[in-house]
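First comes the structure, then the notes that go with it.
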Amino acid sequence: MGLVRWRERGDLSPWSALRDLESQFNRVFGDFGLSSNWTMDPLVDISETDEAYVLEADLPGMSKQDIELSCVDNVVTIKGERKHEKKVDDEGVQRTERRYGAFQRSFEIPGGFETDKVSAEYTDGVLRVTLPKREESKPKQIDVKVL
Amino acid sequence: MTTETKQKAGEVFMTPRIDIIEQQDAVRIEAELPGVAKTGVEIQVEGDELTLTGRRRSDAQPGRVLVRERRLQQYRRVFALSRAVDSSKIKAEMRDGVLTLTIPKAEHMKPKQIPIV
């Protein structure tokens with residue numbers, strides 16, 4: 001990657017740029033006023049292996065069909081809505097801590113990924129997205145010949 | 001998103017988010033335990049205390065961590081049971097990282113229809 005602007009916080013990792021982008025996204029697409037959006041946003045971990053980037057998001061109690069995953073260029077977006085289960089008339093809610101409603105988060109993956117080879121699975125309330133690396137961003141072994 | 005509760009010395013737990021819903025003949029607790037399989041849930045009733053513990057699956061995310069927002073400790077939450085519920089008949093169901101506990105109301109707390117003759 002090229003030169004990175006110096007940051008006062010001393011955070012030079014390319015992932016800080018990712019967070020910046022995300023906050024910009026959320027500023028543009030987030031709803032105004034009473035924002036239920038930010039409280040619903042799932043917590044995410046991202047890791048990197050030689051072959052792929054792996055993103056995991058905590059999304060308990062969702063239906064698979066209510067999670068939408070899209071990839072454009074270097075950006076992966078998770079979007080969805082947790083629907084309030086229909087409560088029967090004779091039920092009374094005593095305490096609500098769980099969050100319901102729509103959410104959206106986008107992440108730019110520095111170095112990019114193979115957009116058409118992305119796979120995702122949803123197990124035990126966790127969404128795991130595997131973003132295979134492009135051939136050119138995989139680490140390569142170069143044999144050094146000793147003459 | 002979730003708060004931490006310190007319980008025993010050195011052990012830090014996450015407090016899962018819950019909804020409590022009162023039904024006509026039972027109380028339903030829904031707890032968010034993302035990453036916990038059915039086998040990782042432990043429900044213990046001791047006296048008038050119900051302790052819920054959840055352990056995340058151990059298949060850790062592979063590779064080098066780049067972004068870490070989730071805290072991967074165990075979940076724990078303790079509930080006080082009143083005499084109004086029957087703790088011997090608790091039903092538990094785990095689905096997509098949400099645990100649903102259905103605790104029937106004690107017989108004397110259930111609404112009764114009295115026919116007028």
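Hydrogens, waters and symmetry mates are skipped; everything else that's a heavy atom, side chains included, is used. Naming: A, B, ... by sequence-line order, numbering from 1 per chain.
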- Side chain from CB out, backbone as N, CA, C, O: work out which of these in B:Val65 comes under 4.5 Å of a heavy atom of chain A, or both, or neither.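 Both backbone and side chain.
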
#### Entry: B:Leu72 portion near chain A, given a 4.5 angstrom heavy-atom threshold
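Looking at B:Leu72, just its side chain touches chain A.
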
Within the structure provided, determine whether [X] and [Y] are in side-chain contact (heavy-atom separation under 4.5 Å).
X	Y	answer
A:Val118	A:Phe113	yes
B:Thr51	B:Arg76	yes
A:Tyr53	A:Ser137	no
A:Arg98	B:Glu30	yes

Would B:Arg70 and A:Asp45 pass as an ion pair if we require N to O under 4.0 Å?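 So B:Arg70 pairs with A:Asp45 through a salt bridge.
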
Open item on the list: Take a 6.0 Å sphere around NZ of B:Lys112 and say whether it holds more than 12 heavy atoms from other residues, nucleotides or ligands.
Closed with: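 Enclosed: over 12 neighbouring heavy atoms sit under 6.0 Å from NZ of B:Lys112.
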
So, [X] side chain and [Y] main chain: donor-acceptor pair closer than 3.5 Å or not?
X	Y	value
A:Ser47	B:Pro62	yes
A:Arg105	A:Pro42	yes
B:Asp48	B:Ala80	no

Exercise. From B:Leu33 CG over to B:Arg77 CZ, what is the distance, rounded to the nearest 0.5 angstrom?
Worked result: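 Result: 11.0 Å between the selected atoms.
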
>> Give the interface residues of residues 90-105 of chain B toward chain A, defined by a heavy-atom separation under 4.5 Å.
In response: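 Hits under 4.5 Å: B:Asp96, B:Gly97, B:Val98.
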
Checklist entry - Considering heavy atoms only, which positions within residues 126-134 of chain A lie below 4.5 Å of chain B? => result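 Listed by number: A:Val126, A:Arg128.
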
Query raised in the report: Of the listed residues (A:Gln94, A:Glu56, A:Met62), which shares the most heavy-atom pairs with chain B below a 4.5 Å separation?
Result: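 The candidate making the most pairs under 4.5 Å is A:Glu56.
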
So for A:Ser63, is it side chain, backbone, both, or neither that comes closer than 4.5 Å to the heavy atoms of chain B?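 Neither part.
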
query = Taking all atoms of both residues into account, what is the closest heavy-atom pair of A:Leu59 and A:Tyr122, and its distance?
reply =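 It is O-OH, 2.6 Å.
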
